[in-house]
Amino acid sequence: RAGVSVIGNLARTATIKPGDAFEGVIFIKNNDKQPADMRVFQTDYLSQSDGSNEYGEPGKAPRSNADWISVSPTRLKLAPGETLPVRYKGRAPANAKLRGTYWSMIMVEPNRAPAITPEGKPDTVAVGLQTTIRFAIQIVTEIGQSGTRSLQVREKSIVQKGGKRLFQMDVSNDGERLLIPMTTVELFDHKGASVGRFDAGRTSIYPACSMRAMADLTDVPPGKYVAMVLLDSGDAQVMGAQYDLEIVPANILAPPATPLVSK
């Protein structure tokens with residue numbers, strides 16, 4: 001329902017070498033019947049498996065490319081129905097030590113209206129609620145195919161959510177490249193026979209970040225199993241881990257999270 005929207009992809013990626021230039025255009029459209037006053041600014045970005053997101057000061061994160069980039073304009077006034085471009089240009093440092101993925105955000109946000117001062121009461125303001133919708137466009141630079149690739153399953157447990165039994169995994173990216181793994185869980189019984197393969201989805205994970213994946217095991221019968229977790233980012237290196245887990249009947253499932261044991 002936002003009056004202003006960003007046309008196109010919210011992630012822009014350039015594969016470059018040290019010293020290379022890159023550029024792009026972000027089109028902003030005002031879908032509203034009222035004029036829109038927007039500001040454009042940069043931030044860094046980190047995300048973690050607990051759902052927290054950090055939009056830090058640009059250029060401070062270890063793998064930020066914000067200092068490489070300039071953005072113009074930094075303020076837009078759009079008439080109803082109007083579309084205007086925001087252009088960004090950048091150049092990677094000519095440093096042979098650059099490896100892997102560097103990224104930052106370009107944010108597009110409405111300028112907030114000033115607080116309303118009740119007439120004749122200069123020291124007070126009217127209490128109200130404003131909803132601000134802002135857009136975050138990821139600007140990603142990949143230094144060729146360089147950089148280590150490393151994913152680790154940090155926490156894992158069986159949890160009950162919304163009437164479902166879920167195998168919950170917190171996966172961190174300890175490498176130097178952005179990875180987008182497809183996470184799957186395959187269960188084997190005590191005879192070594194597969195009892196099913198369960199999809200936990202595909203999610204982007206930047207270096208030094210983490211994500212939470214969940215596989216639905218609601219229909220798996222109670223019993224003891226070996227779980228093989230596979231993290232496939234579509235390259236030659238498929239990462240995995242193996243765990244022992246026990247699924248107990250729902251009527252005796254007391255703890256909300258049951259830790260698993262690595263083998």
Side-chain angles (χ1 to χ4, degrees), residues 1-16 18-48 51-94 98 101-119 121-143 178 204 206-209:
R1 295 180 180 271
V4 172
S5 62
V6 173
I7 299 174
N9 202 327
L10 293 179
R12 313 295 175 91
T13 301
T15 301
I16 59 175
D20 278 358
F22 57 94
E23 62 182 336
V25 181
I26 302 165
F27 288 100
I28 313 298
K29 182 176 182 180
N30 182 8
N31 303 298
D32 210 338
K33 296 180 180 180
Q34 301 295 325
D37 186 7
M38 310 296 293
R39 68 188 188 107
V40 182
F41 59 99
Q42 293 176 267
T43 72
D44 284 344
Y45 174 67
L46 295 171
S47 62
Q48 303 303 334
S52 63
N53 296 283
E54 180 182 344
Y55 298 94
E57 184 179 347
K60 297 300 183 183
R63 289 194 159 268
S64 174
N65 62 6
D67 287 344
W68 308 353
I69 299 169
S70 61
V71 181
S72 180
T74 57
R75 184 168 179 175
L76 294 171
K77 291 189 175 182
L78 296 101
E82 186 177 19
T83 299
L84 291 176
V86 173
R87 303 181 187 278
Y88 63 90
K89 295 182 179 181
R91 183 178 295 275
L98 292 180
T101 304
Y102 298 83
W103 73 97
S104 61
M105 292 285 199
I106 294 176
M107 312 295 286
V108 179
E109 179 181 271
N111 275 313
R112 295 181 178 88
I116 299 172
T117 302
E119 186 175 354
K121 298 179 181 179
D123 297 328
T124 62
V125 296
V127 176
L129 178 65
Q130 284 186 326
T131 300
T132 298
I133 297 176
R134 69 180 183 179
F135 294 89
I137 301 96
Q138 303 169 42
I139 307 299
V140 184
T141 45
E142 304 275 16
I143 308 300
L178 167 67
S204 301
Y206 285 105
C209 295

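Bear in mind that the values here come from a model prediction, so they are computed numbers and not experimental data.
Paired with Ser5 under the rule side-chain hydrogen bond (donor to acceptor under 3.5 Å, both in side chains), one option of Asn31, Thr83, Asp32 passes, and it is Asn31.
Other residues, nucleotides and ligands contribute more than 12 heavy atoms inside 6.0 Å of the CZ atom of Arg134.
Here the closest non-hydrogen pair linking Thr13 and Glu142 is CG2-CG, 3.9 Å. When all heavy atoms are compared, the tightest approach of Asn65 to Ile139 is ND2-O, 3.1 Å. Nearest heavy atom pair, residue Pro207 against residue Trp103, reads O-CH2, 3.3 Å. Here the shortest heavy-atom pairing between Met105 and Ala136 reads SD-CB, 3.9 Å. When all heavy atoms of Tyr88 and Arg12 are compared, the pair lying nearest together is OH-CB, 3.3 Å. Closest non-hydrogen pair, Val140 versus Thr101, comes out as CG1-CG2, 3.7 Å.
Thr74 OG1 to Ile106 CD1: the interatomic distance, rounded to the nearest 0.5 Å, is 11.5 Å. Expressed to the nearest 0.5 Å, how far CG of Leu78 lies from CD1 of Ile28 amounts to 8.0 Å. Taken from CE in Met107 to CD1 in Ile137, the straight-line distance is 8.0 Å, to the nearest 0.5 Å. Rounded to the nearest 0.5 angstrom, Ile143 CD1 and Thr15 OG1 are separated by 9.0 Å.
At least one donor-acceptor pair closer than 3.5 Å links the side chain of Gln42 to the backbone N or O of Ala66. Under the 3.5 Å distance criterion, the side-chain polar atoms of Arg91 are matched with a main-chain donor or acceptor of Gly19. For the pair Ser64 (side chain) and Gly59 (backbone), a donor-acceptor distance under 3.5 Å is present. Under the 3.5 Å distance criterion, the side-chain polar atoms of Asp44 are matched with a main-chain donor or acceptor of Lys60. For Asn30 (side chain) and Glu82 (main-chain N/O), no donor-acceptor pair under 3.5 Å exists by modelled atom type.
The shortest side-chain heavy-atom distance between Val71 and Phe41 does not fall under the 4.5 Å cut-off. Two residues are said to be in side-chain contact when any heavy atoms from C-beta on lie closer than 4.5 Å; Leu98 and Pro93 meet this criterion.
Listed by chain and number, the residues in a ring-ring contact (aromatic ring centres under 6.0 Å, His included) with Tyr45 are Tyr55 (sequence neighbours excluded).
Taking the six-membered ring for Trp and thresholds of 30 and 60 degrees, Trp68 and Tyr102 have ring planes inclined between 30 and 60 degrees apart.
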